Every structure is written in C-alpha cells, then in structure tokens.
S.K.: 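Attaching a single structure in structure tokens format; questions to follow.
Here the structure is a predicted model, which is why all the values come from computation and not from measurement.
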Amino acid sequence: MIPLAQPPSLTDFGHDPWWLILGKVVFAFVVALLGTLLGVWFERRVVGRMAVRPGPNQLGPFGLLQTLADGLKMAFKEDILPKAADKVIYFIAPAISMICAVTMLSVIPFGPMVSIFGHQTPLQVTDVSVSVLVVLALSSMAVYGIVLAGWASGSTYPLLGGLRSTAQLISYEVSLGLSIVAVFMLAGTMSTSEIVAAQGQGVTLNLFGAELPGPGWFALLLFPSFVVFLISIVGETNRPPFDMPEAESELVAGFMTEYSSLKFALIMLSEYVAMVAMSAFTVTLFLGGWYAPWPISIWSGANSGWWPLLWFFAKVILLVFVFVWLRGTLPRLRYDQLMRLGWKVLIPVSLVWIVFLATWLKVQDWERNDRLVVFGILGGIALIAALFWPNRKPEQKPTVAEQVENRPQGSFPLPPLDLQVPPSPRTRRMVAEREPANAPAGQDSEEV
C-alpha cells in the first residue's frame with residue numbers, strides 16, 4: 001500500500017476505474033466554473049475596495065449572487081448574428097478558447113495520493129511525461145479563438161483586434177516558454193506531478209565547497225524565471241495592463257465587438273478560466289504545488305490527506321489577487337511599449353539567465369579552483385562588456401530656425417514664432433492720415 005503522504009509519480013496514473021476518472025473530470029470542470037463565477041465577484045469587490053467603492057453587495061450575502069444574475073441576464077439578451085459573418089467559425093471561435101482553458105486543468109496536480117472510496121489515487125486527472133508542453137500547446141491554441149472571432153465577425157474593428165492580439169500573444173509565448181526552460185533544467189522532468197515532488201524535497205546548495213540546505217520552491221531558486229513567467233502570463237491571458245486584444249478605449253471592444261448574449265458570456269468565461277488555469281500552472285511550477293508553505297510545513301500531517309488541497313487553492317487565490325491588483329493599479333501600456341517589453345526585455349533576460357544557470361549546473365561537479373577560474377573569467381567578460389558597451393547618445397533636437405529652414409516646399413504658412421502679431425499695414429496707414437490735435441498746451445477743457 002502506498003502511503004498517502006507520498007507524491008504521485010507517472011506510474012500511479014492509468015489504474016483508476018471509469019467512475020473515478022469521470023469524477024476527476026467533473027471536479028476539474030467545477031473548479032473552472034466556480035473559479036469564473038467567484039473570480040468575477042472577487043475582482044469587482046477587490047477593485048471596488050481599492051477605488052473606495054462598495055462593489056456588488058445587493059444580491060446574496062456580500063453580493064455573491066451578482067455574477068449568477070449577470071449570467072442569467074446575458075442568457076436572455078438578444079443574440080445578434082452579423083450579416084457578413086462566417087456562421088460556422090463565428091459560433092466555434094468562443095468555444096475554442098473556453099475548451100483550451102478548461103483542458104489545462106486536466107494535468108494540474110491538486111494534491112498527493114488520497115483514498116477515495118477505498119481506491120488510492122492522485123488528486124489529478126492525468127499526467128504524462130510532457131505535461132508542461134501540453135499546457136503550453138493549449139495556451140497557444142487559445143490564440144485561435146481570439147483570432148478567428150475577430151476574422152469571422154466580418155467587421156473592421158474585430159479584425160483589427162484579432163490582428164493586434166496575434167502579435168501580442170505570440171510574442172509573450174516566446175518569453176513564457178523560455179522562462180520554463182530553467183524549471184526543466186533544475187527539476188529534470190516535464191511532468192507536472194514530478195516537478196511538484198522536486199520542490200517538496202528541497203535542494204542542497206554547494207557554495208565554494210560548503211553544502212547548505214536550500215529552499216525547494218523554484219520561485220526562490222529561479223527568481224528571474226519566476227518574474228518573467230508572471231509578466232508573460234499576464235500578457236498571455238490578455239489581462240490589464242496588457243489587454244490590447246480588447247482595448248475598449250481604442251477598438252470599441254476589440255475582437256468581441258460583434259458578439260452578444262451567451263457567445264459574449266463564453267468569451268468572458270474563457271478569460272477568467274484562463275486566469276485561474278494559469279494561476280494553478282504558476283503554483284505548480286514555482287510555488288511548490290500542493291505542498292504547505294512554511295511554517296505550516298513544520299506540522300507533520302500538513303502534506304498528507306486532503307489538507308494539501310487547501311494549500312493549493314490558497315496559493316491560487318493569492319495569484320488571482322495579484323491579477324486583480326494589477327488591474328486596479330496599473331494603466332494600460334501603449335502597444336509599442338507592450339511589444340518592446342516582450343522582445344527587448346523579457347526574452348534577452350530569459351536567455352542570459354538560462355546561460356548562467358546552465359553554467360552553474362555544469363560546474364557543480366568540478367573542483368573548487370576550477371569553478372573559481374570559470375566564474376572569474378565570466379565576471380571579467382561581463383565587467384569589460386559593461387565598461388566598453390557603446391552608449392546611445394541622445395539625438396540633438398534641431399532648433400526652431402533649423403526646423404523652419406528644412407520645411408518642404410508647399411508647406412502651410414507658419415504663424416509668428418515669437419507669438420506676437422505684427423501690426424496691420426492698414427492700421428499704420430490710418431494712423432498716419434489722422435489729423436493732429438490743435439488744443440493749446442496747459443488749457444483745461446470744459447466739461448460738457
């Protein structure tokens with residue numbers, strides 16, 4: 001018999017009866033559905049609190065039924081089909097994003113081995129040796145839902161929103177994938193359950209011959225990757241300040257402009273499910289998964305039985321709060337700033353960090369003097385590069401006179417540069433023709 005505190009491995013999957021597999025699938029779907037309903041309510045309450053407003057508080061206790069009422073209202077709204085829309089793709093596009101977001105939860109480990117009606121099974125629908133790549137593939141497929149929704153509507157604004165989202169999501173998928181490479185290197189596996197198990201064991205740091213116990217969470221061991229991953233998932237899920245695919249202030253409502261009723265609700269649902277799924281994915285890769293945080297982990301029974309399910313959802317709620325916090329505090333970026341951050345900051349940082357981590361892992365088995373020589377050479381190269389790196393000199397702005405001189409032929413006339421209007425020639429002529437006054441000096445005029 002396998003002890004319940006033991007983390008599952010790949011050999012523990014594929015032995016469940018059909019009713020248990022069906023129950024796990026239903027559980028994952030319920031988590032996605034409740035995560036959406038409570039996520040909308042949670043976001044409204046938190047943003048309202050940040051803006052010194054009450055938020056929803058009328059329907060149900062603390063306004064918990066407000067999201068359910070909004071869903072019913074959307075169901076009874078008029079369903080409009082644009083005349084120029086591609087009917088098949090117009091209906092399928094919202095479902096693509098929703099299905100991909102829900103399927104991500106199938107490879108997320110919610111807990112360790114538990115006993116359900118006498119059957120010992122992991123709290124996870126399934127797991128394969130490349131589960132992380134499955135999540136990345138589903139995240140990439142969700143882009144098609146946005147792009148096809150904009151194209152199939154047969155309208156200009158949704159098409160522009162779909163094109164903008166294509167460039168954004170592809171850009172941030174690159175940095176997202178690079179940030180996970182460090183996790184593969186340290187854990188030695190792409191299985192989500194085994195990545196969680198690797199974080200639960202902790203690591204031993206070898207600092208110049210001295211072995212010290214280190215933390216197990218990859219968020220601490222791989223902090224640069226964790227930061228890049230957090231920024232990338234915000235861009236991948238179209239959340240503020242990276243919500244350019246929607247950008248209602250610029251494109252009416254982006255790719256979803258022509259959607260209404262339940263199809264609009266499905267698009268909204270897919271966004272919140274993706275936010276919950278990516279939060280769970282972050283907990284799995286970087287925050288120890290279902291393992292209890294310190295100091296709760298001191299308790300011997302914290303990581304056994306059903307308790308890990310509580311620690312897992314507490315971490316997920318914390319990350320959802322971070323998503324909401326960003327929406328309530330940061331303004332939307334310009335599109336050029338968004339693309340510059342992805343291509344010129346996140347990707348180079350990830351590449352440099354991967355090279356450094358690979359070097360560190362490679363020299364761990366070397367002698368102490370050899371390691372000192374290698375890191376000394378790398379440090380010297382970095383210092384020389386920092387000293388002799390060419391600085392970009394700010395371009396000198398041309399003076400006003402130079403700008404006037406370089407104006408092309410046929411330009412509009414310029415107003416006076418000193419902001420003083422010259423006197424009218426007509427006024428000067430009228431003053432010159434005016435007769436002089438003949439009043440004698442020193443004589444007071446009589447009042448009339």
S.K.: At their closest point, which heavy atom of Ser304 faces which heavy atom of Pro308, and how far apart are they?
M.R.: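 Taking Ser304 first and Pro308 second, the nearest heavy atoms are O-CD, 3.4 Å.
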S.K.: May I have the step-by-step check of side chain to side chain donor-acceptor pair (under 3.5 Å) for Ser175 and Ser232, ending in yes or no?
M.R.: CA-CA 6 Å; Ser175 59; Ser232 299; 2.8 Å; yes
S.K.: Specify the closest pair of heavy atoms between Lys263 and Pro94, including all atoms of both residues, with the distance to one decimal.
M.R.: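 Taking every non-hydrogen atom into account, O-CB, 4.1 Å.
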S.K.: Judged by modelled atom types alone, do Thr189 and Glu194 share a side-chain donor-acceptor pair under 3.5 Å?
M.R.: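 Result is yes, a qualifying pair exists.
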S.K.: Do Ile99 and Leu138 have side chains that approach each other closer than 4.5 Å (heavy atoms only, starting at C-beta)?
M.R.: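 Ile99 does not reach Leu138 side chain to side chain.
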S.K.: Rounded to the nearest 0.5 Å, what separation is found between the OG1 atom of Thr237 and the CG atom of Asp243?
M.R.: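 That separation rounds to 10.0 Å.
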S.K.: CH2 of Trp325: more than 12 outside heavy atoms within 6.0 angstrom?
M.R.: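 Not buried by this count: 12 neighbours or fewer within 6.0 Å.
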S.K.: Quick one: does Arg44's side chain get under 4.5 Å of Asp70's, heavy atoms only?
M.R.: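 Heavy-atom side-chain distance check passes, below 4.5 Å.
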S.K.: Rounded to the nearest 0.5 Å, how far does OG1 of Thr156 lie from CG of Leu160?
M.R.: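 Answer for the CG-OG1 pair, Leu160 versus Thr156, is 6.5 Å.
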S.K.: I'd like to know if the side chain of Ser140 reaches the main chain of Leu136, judged simply by a donor and an acceptor atom lying under 3.5 Å from each other, with no hydrogens or angles considered.
M.R.: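 Yes, Ser140 side chain to Leu136 backbone: donor-acceptor pair under 3.5 Å.
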S.K.: I want to check something: taking the side chain as every heavy atom from C-beta on, are Leu319 and Leu287 in contact at a cut-off of under 4.5 Å?
M.R.: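 Yes, close enough: below the 4.5 Å cut-off.
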S.K.: Could you check Leu357 against Leu222 for side-chain contact (heavy atoms from CB on, under 4.5 Å), going step by step and ending with a plain yes or no?
M.R.: CA-CA 9 Å; Leu357 182 63; Leu222 306 173; 3.7 Å; yes
S.K.: So which atom in Pro122 and which in Pro8 form the shortest heavy-atom distance, rounded to 0.1 Å?
M.R.: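 Closest heavy-atom pair between Pro122 and Pro8: CB-CB, 3.5 Å.
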S.K.: Under 4.5 Å between any side-chain heavy atoms of Phe110 and Phe313, yes or no?
M.R.: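 In contact.
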S.K.: Is a side-chain donor or acceptor of Gln337 paired with a backbone partner of Arg334 at a separation under 3.5 angstrom?
M.R.: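 Yes; at least one donor-acceptor contact below 3.5 Å.
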S.K.: Heavy atoms, side chains only, cut-off 4.5 Å: are Tyr291 and Phe312 in contact?
M.R.: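 SC-SC contact between Tyr291 and Phe312 ruled out.
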S.K.: Show your working on side chain to side chain donor-acceptor pair (under 3.5 Å) between Ser193 and Ser191 and close with a plain yes or no.
M.R.: CA-CA 6 Å; Ser193 60; Ser191 168; 3.2 Å; yes
S.K.: Testing the basics here: between Ala280 and Val316, what is the closest heavy-atom pair and its distance to 0.1 Å?
M.R.: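 Smallest heavy-atom distance, with atoms named: CA-CG2, 3.9 Å.
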S.K.: As a quick check of understanding, evaluate ring pair (Phe, Tyr, Trp, His ring centres under 6.0 Å) for Trp290 and Trp307, giving each step before the final call.
M.R.: CA-CA 9 Å; Trp290 45 263; Trp307 286 106; over 10 Å; no
S.K.: Around atom CZ of Phe27, are there more than 12 heavy atoms from other residues, nucleotides or ligands closer than 6.0 Å?
M.R.: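 Enclosed.
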S.K.: Run the ring pair (Phe, Tyr, Trp, His ring centres under 6.0 Å) check on Phe242 and Tyr172 step by step: do they pass?
M.R.: CA-CA 10 Å; Phe242 300 153; Tyr172 281 84; 5.5 Å; yes
S.K.: Verify the distance criterion only: is there a donor paired with an acceptor across the side chains of Thr121 and Lys24 at less than 3.5 Å?
M.R.: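 Yes, a side-chain donor-acceptor pair sits under 3.5 Å.
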S.K.: Using 0.5 Å steps for rounding, measure from the OG atom of Ser260 to the CG atom of Asp79.
M.R.: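 One gets 5.0 Å once the value is rounded to the nearest 0.5 Å.
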S.K.: If we ignore angles and hydrogens, is there a donor and acceptor under 3.5 Å between the side chains of Glu402 and Asn406?
M.R.: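 Not at all, the side chains of Glu402 and Asn406 share no donor-acceptor pair under 3.5 Å.
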S.K.: Within the side chain of Glu258, is there an N or O that forms a donor-acceptor pair under 3.5 Å with the backbone of Gly154?
M.R.: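 Not a single qualifying donor-acceptor pair exists.
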S.K.: Side chain of Asn303, backbone of Ala292: donor and acceptor closer than 3.5 Å?
M.R.: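 Flag set: sc Asn303 to bb Ala292 pair under 3.5 Å.
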S.K.: Going through the checks in order, is the ring pair (Phe, Tyr, Trp, His ring centres under 6.0 Å) test met by Phe218 and Phe286?
M.R.: CA-CA 5 Å; Phe218 290 157; Phe286 292 98; 7.3 Å; no
S.K.: I need the minimum non-hydrogen distance between Ser261 and Glu78, along with the two atoms involved.
M.R.: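 Looking at all heavy atoms of both residues, the shortest contact is CB-O, 4.0 Å.
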S.K.: Which pair of non-hydrogen atoms, one from Val273 and one from Ala101, has the smallest distance, and what is that distance?
M.R.: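 Distance-wise, the nearest heavy atoms are CG1-CB, 3.5 Å.
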S.K.: State, yes or no, whether a side-chain contact exists between Phe281 and Phe229 at a heavy-atom distance under 4.5 Å.
M.R.: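 A side-chain contact exists here, since the closest heavy-atom pair is under 4.5 Å.
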S.K.: Using a strict 4.0 Å threshold on nitrogen-to-oxygen distance, state whether Asp336 and Arg340 make a salt bridge.
M.R.: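 A salt bridge is present here (some side-chain N lies under 4.0 Å from a carboxylate O).
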S.K.: Quick one: does Met185's side chain get under 4.5 Å of Val181's, heavy atoms only?
M.R.: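 Side-chain contact under 4.5 Å: yes.
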S.K.: Does Arg327 use its side chain to pair, donor to acceptor, with the backbone of Arg239 at less than 3.5 Å?
M.R.: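 Flag not set: sc Arg327 to bb Arg239 has no pair under 3.5 Å.
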S.K.: Do Ser139 and Glu173 have side-chain N/O donor and acceptor atoms under 3.5 Å apart?
M.R.: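 There is no such pair (donor and acceptor under 3.5 Å, judged by atom type) between the side chains of Ser139 and Glu173.
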S.K.: Counting heavy atoms not belonging to Phe223, are there more than 12 under 6.0 Å from its CZ?
M.R.: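 No, the 6.0 Å shell around CZ holds no more than 12 heavy atoms from other groups.
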S.K.: Yes or no on side-chain contact (heavy atoms from CB on, under 4.5 Å) for Phe226 and Leu220, after CA distance, side-chain angles and deciding distance?
M.R.: CA-CA 8 Å; Phe226 178 60; Leu220 301 176; over 6 Å; no
S.K.: With a 4.5 Å cut-off on side-chain heavy atoms, are Met268 and Thr36 touching?
M.R.: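 A side-chain contact under 4.5 Å is absent here.
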S.K.: Side chain of Ser131, backbone of Val107: donor and acceptor closer than 3.5 Å?
M.R.: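 No, Ser131 side chain to Val107 backbone: no donor-acceptor pair under 3.5 Å.
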S.K.: Once rounded to the nearest 0.5 Å, what's the spacing between atom OG1 of Thr126 and atom CD1 of Ile108?
M.R.: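 Answer for the OG1-CD1 pair, Thr126 versus Ile108, is 12.0 Å.
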S.K.: For the atom pair CD1 (Ile21) and CZ (Phe13), what is the distance rounded to the nearest 0.5 Å?
M.R.: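 Output value for this atom pair is 11.5 Å.
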S.K.: Answer yes if the side chains of Glu43 and Tyr272 hold a donor-acceptor pair under 3.5 Å, and no otherwise.
M.R.: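 Tyr272 and Glu43 do have a side-chain donor-acceptor pair below 3.5 Å.
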S.K.: Around Phe184, counting heavy atoms of other residues, nucleotides and ligands shown, do more than 12 lie under 6.0 Å from its CZ?
M.R.: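 Yes, enclosed.
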S.K.: Enter the distance from Ser9:OG to Asp127:CG here, rounded to the nearest 0.5 Å.
M.R.: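 Atom-to-atom, Ser9:OG and Asp127:CG are 9.0 Å apart.
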S.K.: Determine whether Thr192 and Gln124 satisfy the following criterion, side chain to side chain donor-acceptor pair (under 3.5 Å), listing intermediate values before the conclusion.
M.R.: CA-CA 10 Å; Thr192 51; Gln124 184 176 352; 3.1 Å; yes
